[in-house]
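Step one of this worksheet: look at the structure below.
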Amino acid sequence: MVLIRFLQSFSEPEISYVVAITTFWIIETVYQDSFAFCIEEGNKTPPELLGTCQRWGSPEFKQYCQSLQRIADRCLAEASADAARSAEEAFLRVLELEIGFWDMSSSRS
């Protein structure tokens, strides 16, 4: 529910583009990094997940995430101090929620 409320907050008109693009970039990058980790040599990814991991952990998806980062970086360079601070808070919130998600899912194993 916390994640859903967080994501729903981005439909509010007061959310700035710089906050939205920074958040979108970090969400995509976390997933790309996670799936790329799953396809690294020596990891024990179940065969039924390999296709998904290869798609979202691919070099092409990584390039897409890097493009999002460049857009976010350009926006942050031109953003007001308040907008940059809000983007940083959103960035940290995404990481906090992701850590919580992975901790929760690994404790169920």
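This one's a predicted model, so the numbers in the text were calculated from it and none came from an experiment.
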Problem set entry | Partner set under ring pair (Phe, Tyr, Trp, His ring centres under 6.0 Å) for Tyr31, not counting sequence neighbours | none

Exercise. Do the rings of Tyr64 and Phe61 sit parallel, tilted or perpendicular, given the 30° and 60° boundaries?
Worked result: tilted

Problem set entry | Greater than 12 external heavy atoms within 6.0 Å of Phe10's CZ | yes

Exercise. So which heavy atom on Val19 is nearest to which on Thr23, and how close?
Worked result: O-OG1, 2.8 Å

For this session: Would you give the length of the straight line joining atom CG of Leu92 to atom CG of Leu97, rounded to the nearest 0.5 angstrom?
Result: 11.0 Å

For this session: Work out which heavy atom in Ala79 is nearest to a heavy atom in Ala83; give both atom names and the distance.
Result: CB-CB, 4.0 Å

Problem set entry | More than 12 heavy atoms from other groups under 6.0 Å of CD on Glu88 | no

Seminar exercise, completed: Applying salt bridge (Lys or Arg N to Asp or Glu O under 4.0 Å) to Arg74 and not counting sequence neighbours gives none

Problem set entry | Distance-only polar pair, side chains of Thr52 and Arg55, donor-acceptor under 3.5 Å | no

Exercise. To the nearest 0.5 Å, how far apart are OH in Tyr17 and CD1 in Ile71?
Worked result: 5.5 Å

Problem set entry | Shared-cluster residues of Leu50, by chain and number - hydrophobic side chains joined below 4.5 Å | Ile39

Exercise. Should Glu98 and Leu95 count as side-chain neighbours, where that means a heavy-atom distance under 4.5 Å?
Worked result: no

For this session: Please determine if Asp73 and Arg70 form a salt bridge, counting it only when a charged side-chain N lies under 4.0 Å from a carboxylate O.
Result: no

Problem set entry | Distance in Å, Leu49 CG paired with Cys38 SG, rounded so as to fall on 0.5 Å steps | 7.5 Å

For this session: Report yes if the side chains of Leu7 and Ile27 come closer than 4.5 Å at any heavy-atom pair, otherwise no.
Result: yes

